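Please read the structure below before turning to the comments.
Quantities reported herein were computed from a predicted structural model and do not represent experimental measurements.
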Amino acid sequence: MSETLKRIKPLWLVVTVLLVLIADQSLKYWVKTNFAFGEEKHLAGNWFILHFTENNGMAFGIGFGGQHGKLILTLFRIVAVGGIIYYIIHQYKNGGHRGFLLCLALILAGAVGNIIDSVFYGVFFEEINRYHGGWFHGQVVDMLYFPVIETHYPEWSPFNPGEEFIFFRPVFNLADASISAGVIAIFIFQRRYFKKEETAEIIQPPSNDEAVA
């Protein structure tokens, strides 16, 4: 099979992005319109919970500089998405590994998913928002919570002795998960994705002595 045929078709990259976006936005819309802020629903005991929260910043609820920081972050995300799209096209045209292209598609889908929240949710959900929104000032909806381990640091621990310890504490969404999956896969399979082309051995012409022999 030729290298061209081995490459993933552009349609599948588009389908990957669309599937992630549809799933991400559908879940966010359902949670936003059916949950009160802070409400949660236990799906698998105490270790898989839908917990409705929103954040004004980056992935997993990390904050960044108030309203001005929010605007800067949203604009940066839009520019970054443009860069990712350009890089995907460049990689495809130059025979990039199909696994690497799928990882980039996952990262792109996650970035676009959170951009939609930031750009539009401050206006589209103006009636039910807890905050003063507006274009480019929407908050990102998070709901996936996996507190798999809930315990306390031992009293002898040099870090936070006796305090509560929860793993995994951050509440996130499908867009965050898509970005994380893409980045982790690239890290794990980097040798496969960025394998250096083997250079063909150069056959040297025989020397005069070899030719005589």
### Task
Could you walk me through whether E54 and K32 pass side-chain contact (heavy atoms from CB on, under 4.5 Å), step by step?
CA-CA 10 Å; E54 295 174 303; K32 184 85 171 172; 2.3 Å; yes

### Task
State, yes or no, whether a side-chain contact exists between H51 and M143 at a heavy-atom distance under 4.5 Å.
no

### Task
Report the relative orientation of the aromatic rings in W135 and F120; use parallel for angles under 30°, tilted for 30 to 60°, perpendicular for over 60°.
perpendicular

Anything under 3.5 Å between a donor and an acceptor, one on a side chain of residues 83-90, the other on a protein residue two or more places apart or in another chain? List them.
from : atom 1 : to  : atom 2 : distance (Å)
Y87  : OH     : Q91 : NE2    : 3.3
H90  : ND1    : N94 : ND2    : 3.3

### Query
Does the side-chain contact (heavy atoms from CB on, under 4.5 Å) test come out yes or no for D24 and S178, once each step is laid out?
CA-CA 9 Å; D24 175 64; S178 182; over 6 Å; no

### Within-4.5 Å side-chain heavy-atom neighbours: L101 and W12
no

### Task
Could you tell me whether K41 sits above the aromatic face of F35, with NZ or CZ closer than 6.0 angstrom to the six-membered ring centre and within 45 degrees of the axis?
no

### Task
To the nearest 0.5 angstrom, please state how far the CG atom of L75 sits from the CD1 atom of I72.
8.0 Å

### Query
Where is the tightest heavy-atom contact between T16 and A105, given as atom of each residue plus distance?
CG2-CB, 4.1 Å

### Summary
Of all heavy-atom pairs linking Y92 and P10, the shortest is OH-CD, 3.4 Å

### Which atom of W30 lies closest to which atom of L50, heavy atoms considered
CZ3-CD1, 3.7 Å

### Message
Within this structure, what is the CZ-CD1 distance for the pair F124 and I116, rounded to the nearest 0.5 Å?
### Response
9.5 Å

### Summary
Here the gap from T53 atom OG1 to E39 atom CD, rounded to the nearest 0.5 Å, amounts to 13.0 Å

### Query
How many angstroms lie between SG in C103 and OH in Y193, if you round to the nearest 0.5 Å?
4.0 Å

### Task
State, to 0.1 Å, how close P147 and I49 come at their nearest heavy-atom pair, and which atoms those are.
CG-CD1, 3.9 Å

### Task
Just do the side-chain contact (heavy atoms from CB on, under 4.5 Å) check on K28 and Y121 with the steps written out, would you?
CA-CA 10 Å; K28 287 175 177 176; Y121 278 22; 3.7 Å; yes

### Task
Could you state whether V183 and I186 fall into the same hydrophobic cluster, counting links through intermediate Ile, Leu, Val, Met, Phe, Trp or Tyr residues with side-chain heavy atoms under 4.5 angstrom apart?
yes

### Query
Residues in ring pair (Phe, Tyr, Trp, His ring centres under 6.0 Å) with F76, at least two apart?
none

### Query
Within a strict 4.5 Å, meaning less than it, do heavy atoms of the F52 and V171 side chains meet?
no

### Message
Keeping Q190 on the side-chain end and F187 on the backbone end, is there a donor-acceptor pair under 3.5 Å?
### Response
yes

### Query
Are the side chains of V15 and L11 in touch, meaning some heavy atoms are under 4.5 Å apart?
yes

#### Entry: Residues I78, I115; criterion side-chain contact (heavy atoms from CB on, under 4.5 Å); working and verdict
CA-CA 7 Å; I78 294 173; I115 284 174; 4.1 Å; yes

### Query
Nearest heavy-atom pair of P170 and Y145: which atoms, and what distance?
O-CD1, 4.1 Å

### Message
Between H42 and A44 (side chain of the first, backbone of the second, donor and acceptor by atom type, cut-off under 3.5 Å), is there such a pair?
### Response
no

### Cluster check V81, V20: I/L/V/M/F/W/Y, side chain < 4.5 angstrom
no

### Message
What I want to check is whether the side chains of N173 and D117 have a donor and an acceptor closer together than 3.5 Å.
### Response
no

### Message
Ignoring hydrogens, what is the shortest heavy-atom contact between R77 and S118? Give both atom names and the distance.
### Response
NH1-OG, 3.0 Å

### Query
Would I184 and F172 show up in the same hydrophobic cluster when neighbours are defined by side-chain heavy atoms closer than 4.5 Å?
yes

### Query
Do I128 and Y29 share a hydrophobic cluster, counting only Ile, Leu, Val, Met, Phe, Trp and Tyr and linking them when any side-chain heavy atoms are less than 4.5 Å apart?
yes

### L104 and L108, any side-chain heavy atoms less than 4.5 Å apart
no

### Message
With a 4.5 Å cut-off on side-chain heavy-atom distances among I, L, V, M, F, W and Y, is there a chain of contacts connecting I22 to L174?
### Response
no

### Option among N34, T33, L27 that satisfies the side chain to side chain contact (heavy atoms under 4.5 Å, CB included) test with V31
L27

